[in-house]
Each structure stands twice: as structure tokens, then as C-alpha cells.
Amino acid sequence: MTITFEMSGGFAPLPALSSPVTIDTAQIEPQARTELESLVELCRFFDQPALTTPAKGAADYRTYTITVQDGPRVHTIQLTDPITDINVEQFVSRLRVMARKMTP
Amino acid sequence: MNHTYHHTRQLWACDIIPPYILERIASRGTQTQRAIALQTLARDNSIRSQRAVQSQVRSGELETAGPARKNRLVYAAANTTNLHGTLVRSEGQGPSGDVAVNEAYNGFGVTFDLYWDVYARNSIDNNGMDLVGTVHYGDRYDNAFWDGAQMVFGDGDGTIFNRFTIAIDVIGHELTHGVTAATAGIEYHDQPGALNESVSDVFGSLVKQRSLGQRADEADWLIGAGLFAAGFRGVGLRSMKAPGTAYDDPLIGRVPQPDHMSRYVNTTSDQGGVHTNSGIPNRAFYLIAIAIGGNSWDLAGNIWYRTLLDSRLSTAAQFQDFANLTAYNANLLYGASAEAVVVQAWHEVGIDVLELVGLNLSNAP
């Protein structure tokens, strides 16, 4: 499974930390692999809507773009803060921390 | 046919002294000062009567609905994303032991006070709307945002960012997004989005300046001073005085804000560079505030506020539209010399104001 994660916007956007990162779960620690693949299942990623728009008048929210490829299945979603689905939020939060470690 | 202004008009200080100062001079000044102040007031009242007819303020925006209503509610999310986790401090309660809660509560208070005391605006919606905020949002969350109904603040990751309540201008910035949504409703993408962001930076900075009692020439004009964690090479997130200079760090590079239209950044990132190109109108405001002098929130702030209320400011407004209306409202409020200052400042950032008389305002209601 490969997961591509990109985060942009927010009150304090830092362009140097906004580049997309790609995680190949075959290339990471088994524990992290299990965790990520479980989160994908738990949040029913492939059933999530492709686009979730922010509330009217909202500002400074972050926008997350996530693509998951799992065998023949590929799905991309784009969503913004605040994320109301707790399982999706957990997945995004985990990706955010991992992406931060992968950028300079 | 549109006409650009000449940029050689002179500023006459007597045209831009607000009436309350003139009234104070008229009652407490020397005999000569009183005579001049009274003459100026008499002339101003005549001009203001004429200008009231020309005012284009949105219906109901200058009348407050009921008495001032400041009702602050600060929730703590305990590092989850539950916006209404625990109500920690509500209006009138004493300080909590949580510094972020107290910073949010106090920041909401001084922001409310700026809007009420200076612009007679009764909270975000001008109708006493609750000021709701959530602190400790998310896990090491490096952000603050306005979700359309309330403010949200993260704790920062501790490596690059501190908690987002640490800078009072951030709180004023977020609350102002609510004011913009309740008034002009400027869209949040591309150039309108950068204008929306700039309006929040302007009033965020005014909240800070007023809370510190600083004149325009005493202020640092920084957004997010104190937000960066120790060791990071930056004085703040953005500089309104010198866009593009606030930080320059080996890890994340230099802040990408332009200070002139010739350096406008075309990008799809960050909703079309809303936090990038905001540097242009930010600097225009700074130049106006410095040229007028005194407290930025008085004259310069009022010109911006009245422009936000102007019914001709469309949801898709460009910098040019906003510049035109600020010049119009400067003249309406304070006369030709104030207008000239506004026109000159926009010119310095690469925007030549167009006179509104005779313009086809296609977006006007």
C-alpha cells in the first residue's frame, strides 16, 4: 500500500514543509505498517467522499490531500479542518506526524 | 472612463483630526486653539452631513443591536479534536490555571473592546454573538483557525511553533475572520482570499497595538511575534512593514511574502497564496498608518473598517477594488488629504487607485 499525503494552508503555512510525502508501507517498520493499514480500514478510506468543503466563512483551516493505492484500488480525498469523522481525523493526525519526520 | 489620481497631494493635518479630539481641544485648549477647533468642527459637521448622504455602508451595519454584549466561552480540547471538550472559563470567571485559556479569554476581550470602543461594533455579528474558542486542539497541532463559528488554537509542536494563543494579534486575526464573514463575506481563495487574510492581519495588529498603547511609529507591525519556538530564526510569521523579512531559517527558508504587485505570487498552494500575497495590502495599510501618525486604530483603522462595511465591496473583491473603496471612504470620513495619503500608499505597492465617480460598479447590489 502506498499513501501520499499533502498538507497546505493554515494560519502559519510553511511552504518548505508542505511538499507531498509518499509512504510505501512495505518499506516501513512492521508496527507502523500495521497501524497505517488498520487506520485506512477503520476510517473506510475508499468510501470517503473525494471532496469535503469547509464551512462558509471559515479561514486559516488546513487542507489535506491524501491518496491511497492498495493493489488495484486507488482513491484520493481532500478535506479541511476541523475533521469531524474521528477515524479519519486519527488517520490524518498520524500522517501529519509521520510527514513531519520525513521533511527536512 | 476611469481616472487615476495624481500622487502629489499634500496632507493637511487639520482635515484628519477626529471630531472627539477637536471637541476636547474646543473645551480644554487655549483661547486660540479653541477658536480654531470650533471653526474646524463647524466646517466638518457641514461636510459630514453631505457625506452621510453618499455613504454606502451595508444596511444596518452602523446601528448596533442592543447594548454591548461581551460573552466569552473558552473550551479545552485536551489535545483531541473535540471542539467542546470542557468549558474551562466563561464570561466573568476569574483566571484559570491554564495559560492558554487565559490568553484566549483576554485576547477575545481586547479584540471585542477594539471593535466596540473604536468602531461601535457589537461583537462578531454586531449583535452580541458569543466569542467561542477552543484551546489545546489536536496533537501538537501547528495552527489556529476560524471554523465559521468559533476560534480554534493548537499547542504547536514545540519544535517550530509555540502555542498559538501566545500572540494576541493571532487571536484578533481569527476573530476578524468572523467579522469579515459577517460583513463583506470576501471569498477565501486567490486574490480575494489574500485580501481577506490581510484584513485579519490589519485588525489583529490593531488589537495588539491598542492593547500595548502603541502609536503607529512605535509598533513592530509583526504578526505572530513569539510564535516561533526558541532557536528558530524569525521574529514573527509576517511583517506588515516589510513583507518577506519576518523569518529566514535554514530549515524552512524565507517567508515568501511580496511587498509589491510586481512580485505577486501565482500559486495554487494555500488556497492560491492567501497568506503570501496578503503582504501587498498589509504594507499599504502600514504606509497609511505611518503617514497619518498617531494611533493606527483611529483613522487608518476606521477607513479599513468602513470599507469592509461598504456595500460595493463584493465577495470576489480584488486588491484594486479594495484600494478604490479605501480612498473613497478616506475622503468620506476625513477629507481629501486623508484620501491622498491612501492613494499614495497604494501607489507605493503597485496599485493606482481609480476614482469611483463614473465607474461601472458591476458588483454593486
Side-chain angles (χ1 to χ4, degrees), chain A residues 4-21 32 35-36 39 42-43 48 51-67 76 78-104, chain B residues 77 80-83 134 137-154 156-157 159-161 164 170 173-174 176-178 180-182 185-186 188 193 196-197 200 223-224 227-228 237-238 247 249-256 267-271 273-276:
Chain A
T4 303
F5 176 75
E6 183 177 5
M7 180 175 72
S8 78
F11 174 79
L14 301 177
L17 302 183
S18 301
S19 301
V21 297
E35 183 189 9
L36 278 182
L39 287 170
L42 191 63
C43 76
Q48 290 292 330
L51 184 65
T52 307
T53 52
K56 191 171 187 292
D60 288 324
Y61 49 82
R62 278 185 168 161
T63 300
Y64 307 98
T65 306
I66 307 166
T67 300
T76 298
Q78 188 176 81
L79 66 169
T80 60
D81 285 325
I83 301 168
T84 51
D85 182 321
I86 193 163
N87 294 320
V88 175
E89 198 288 320
Q90 203 175 352
F91 182 42
V92 170
S93 181
R94 189 74 187 94
L95 289 173
R96 196 170 56 220
V97 172
M98 291 182 80
R100 179 67 188 84
K101 287 178 180 168
M102 294 169 73
T103 46
Chain B
T80 71
T81 54
N82 180 3
L83 291 175
T134 300
Y137 177 86
D139 177 19
R140 288 163 280 180
Y141 185 69
D142 277 338
N143 195 27
F145 63 94
W146 169 257
D147 81 342
Q150 70 156 88
M151 290 151 279
V152 184
F153 304 93
D157 64 357
T159 304
I160 297 177
F161 290 111
F164 277 70
V170 176
H173 175 110
E174 296 307 334
T176 297
H177 277 306
T180 298
I186 305 171
Y188 200 67
N196 187 323
E197 269 302 310
S200 273
I223 300 298
L227 203 52
F228 285 127
L237 203 58
R238 296 185 278 276
Y247 64 82
D249 184 86
L251 177 66
I252 56 154
R254 186 182 168 100
V255 59
T267 176
T268 55
S269 184
D270 185 25
Q271 282 83 39
V274 299
H275 295 88
T276 300

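Quick note on labels: first sequence line is chain A, next is B, and so on, each numbered from 1. Computed over heavy atoms, backbone and side chain alike; hydrogens, waters and symmetry mates excluded.
- Contact annotation for B/Asp157: only side-chain heavy atoms (C-beta onward) come within less than 4.5 Å of a heavy atom of chain A.
- Contact count against chain B (heavy-atom pairs under 4.5 Å) is highest for A/Ala59 among A/Gly10, A/Ala59, A/Ala58, A/Gly9.
- Of the listed residues (B/Ile223, B/Asn143, B/Asp147), the greatest number of heavy-atom pairs within a distance under 4.5 Å of chain A belongs to B/Asn143.
- Of the atoms belonging to B/Leu237, it is side-chain heavy atoms, and not backbone ones, that fall under 4.5 Å from chain A.
- Contact count versus chain B (heavy atoms, under 4.5 Å) is highest, among A/Ala55, A/Ser8, A/Pro82, for A/Pro82.
- Listed here is the closest heavy atom pair of B/Tyr247 and A/Pro15: OH-CD, 4.2 Å.
- By number of non-hydrogen pairs under 4.5 angstrom with chain A, the leading residue of B/Ile160, B/Leu83, B/Thr80 is B/Ile160.
- Figure legend: B/Arg238 and A/Phe11 shown as a cation-pi pair, the cationic atom lying under 6.0 angstrom from the six-membered ring centre and within 45 degrees of its axis.
- B/His275 is listed as a side-chain neighbour of A/Asp60, based on a closest heavy-atom distance under 4.5 Å.
- Top candidate by heavy-atom pairs under 4.5 Å with chain A, chosen from B/Gly273, B/Pro256, B/Ala181, B/Gly148, is B/Gly148.
- Looking at A/Ile83, only its backbone comes within 4.5 Å of chain B, counting heavy atoms on both sides.
- Of the atoms belonging to A/Ser93, it is side-chain heavy atoms, and not backbone ones, that fall under 4.5 Å from chain B.
- For chain A, the option among B/Val170, B/Asn82, B/Val274 with the highest count of heavy-atom pairs below 4.5 Å is B/Val170.
- Using cut-offs of 30° and 60° for the angle between ring planes, the B/Phe164 and B/Phe161 rings count as tilted.
- For the pair A/Phe5 and A/Met98, the minimum side-chain heavy-atom distance is 4.5 Å or more.
- Neither the backbone nor the side chain of B/Ile186 comes within contact range of chain A; no heavy atom of the residue lies under 4.5 Å from a heavy atom of that chain.
- Because its NZ or CZ atom is both nearer than 6.0 Å to the ring centre of B/Tyr141 and within 45° of the ring axis, A/Arg62 counts as a cation-pi partner of that residue.
- When the options A/Asp81, A/Thr80, A/Thr52 are evaluated for a side-chain hydrogen bond (donor to acceptor under 3.5 Å, both in side chains) with A/Tyr64, the one that passes is A/Asp81.
- Pairing each heavy atom of B/Trp146 with each of A/Gly57, the nearest pair is CD1-O, 3.2 Å.
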